[in-house]
Protein chains: 2
Amino acid sequence: MTSTPERARRGAPPRTAFLLAQVGAEAADRFAERVAALGLTPREAGAIRVLGRRQGLSQRELAEQLGTVPSRLVALVDELEAKGFVVRERSEGDRRNNVLTLAPDGERMLARLREVAEAHQGDVLSPLDDDEQVALAALLAKLAAASSFPPDGHPGFRR
Amino acid sequence: MTSTPERARRGAPPRTAFLLAQVGAEAADRFAERVAALGLTPREAGAIRVLGRRQGLSQRELAEQLGTVPSRLVALVDELEAKGFVVRERSEGDRRNNVLTLAPDGERMLARLREVAEAHQGDVLSPLDDDEQVALAALLAKLAAASSFPPDGHPGFRR
DNA sequence: TATTGTTATACTCTATAACTATA
DNA sequence: TATAGTTATAGAGTATAACAATA
């Protein structure tokens, strides 16, 4: 009877889930560093990203997209407005709502964020050759599809 | 001249590094939930894990292993001692040092943590078949080898 | 009455640096 | 004087709930 090493023969080795969290956190940290060099917190970067894709969101809607609570958005939008990246206006239709849009400087910052994200990815994945990178992307996509999290929520945008 | 989609043909698709951080954070969150069900914070779980492997550490050494600062360990060890998982004694050789060891309950908790980690991994990797799990493990190991972080530091042990 | 944004409050974490006791 | 552990303090970040304006 083969008893002891039976389970070890199939599936991933023991610490794989741990490694996944560790490598993911490391990637998030390094992205945060790059973003900080642009004078942004990860959360601010996330807000700009979301607004770049869906202009005119209310604060409530943006909070939902970012996976945070509306009251936390006040200071965040204050900051982004002060830096000239975001415009906050009262909605004409429903004057309780704020309409959030990217200012021209915000559009420019979004473009730089895209460059930074690309450089960051090249850096993070550089230990892998092209085939391995494609394989990793496919595996992660499969895991992400099974898991349900907010589209632009968690990762490096938490701190 | 093929100009535009040239870069897209090799390497990972655009949001792979982002996905890595996202999936990794999700895994860490789910592990934290399981650990909380045992009445532990991720940090406490990390401390028990480290002490299980290297008994007799001083608080300074444990702090280094966990990637934190010594002053933060005081409350952590207080808590683990109160729960009966860790024993804190003055060192005979150098009476400035504390010698940290796992109490019997700590050993039992460590065994439960190992079970929880195994169940967690099975859960996290369940969307993948066995071959895919092995492939992912290899890719992550390659990334981890290239990156340098503390052995038991970061991942879910931050909060 | 319900909802949006805002503010206020209290609470948790954390870092930093004093402090003590040993060496 | 230097080091391990501890304690104190102050700061950042957060959640929660109260609040004002609008619907």
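Please read these numbers as outputs of a predicted model, since none were measured by experiment. Below, chains carry the letters A, B, ... as their sequence lines are ordered, and counting in each starts from 1.
For A/N98, the listed nucleotide lying nearest its side chain is C/dG5; candidates were C/dG5, D/dT16, D/dA23. Closest contact between the side chain of A/R88 and the listed nucleotides C/dT6, D/dT22, C/dT22 involves C/dT6. Of the candidate nucleotides D/dT6, D/dT3, D/dT16, D/dT6 has the atom nearest to the side chain of B/S71. Listed nucleotides C/dG5, D/dT16, D/dG5 differ in distance to B/Q59; the shortest reach to its side chain belongs to D/dG5.
Distance CZ (A/R96) to C1' (D/dT22): 6 Å, rounded to an integer number of Å. As rounded to whole Å, 15 Å separates atom P of C/dC13 from atom CG of B/L73. The separation between B/L76 atom CG and D/dG5 atom P is 13 Å, rounded to whole Å. To the nearest angstrom, P of D/dA4 lies 19 Å from CD of B/E89. What separates CZ of A/R90 from P of D/dA21 is a distance of 11 Å, to the nearest Å. Between A/L66 atom CG and D/dT14 atom C1' there is a gap of 16 Å when expressed in whole angstrom units. In this entry the distance linking CD of A/E64 with P of C/dG5 reads 12 Å, nearest Å. Nucleotide D/dA4 holds its P atom 14 Å from the CG atom of B/L62, rounded to whole Å.
Side-chain atoms of B/Q55 and B/T101 form no donor-acceptor pair, as typed in the model, at a separation below 3.5 Å.
Between B/R30 and B/E26 a salt bridge is recorded (basic side-chain N to carboxylate O distance below 4.0 Å).
The number of heavy-atom neighbours closer than 6.0 Å to CZ of A/R88, taken from other residues, nucleotides and ligands shown, is above 12.
An OP1 or OP2 oxygen of D/dA23 is reached within less than 4.0 angstrom by no side-chain nitrogen or oxygen of A/N97. Distances shorter than 4.0 Å separate some side-chain N or O of B/R43 from OP1 or OP2 on C/dT14. For D/dT3, the OP1/OP2 oxygens have no side-chain nitrogen or oxygen of B/R95 closer than 4.0 Å. An OP1 or OP2 oxygen of C/dA15 is reached within less than 4.0 angstrom by a side-chain nitrogen or oxygen of B/R72. OP1 or OP2 of C/dT4 lies within a sub-4.0 Å distance of a side-chain N or O belonging to A/R60.
Figure legend: B/R15 and B/F18 shown as a cation-pi pair, the cationic atom lying under 6.0 angstrom from the six-membered ring centre and within 45 degrees of its axis.
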Next on the checklist: Could you walk me through whether A/K83 and A/E44 satisfy the salt bridge (Lys or Arg N to Asp or Glu O under 4.0 Å) test, starting with their C-alpha distance in whole Å, then the side-chain angles of each, then the deciding distance to 0.1 Å, before giving a yes or no?
Outcome noted: CA-CA 11 Å; A/K83 288 176 177 172; A/E44 289 169 341; 3.0 Å; yes
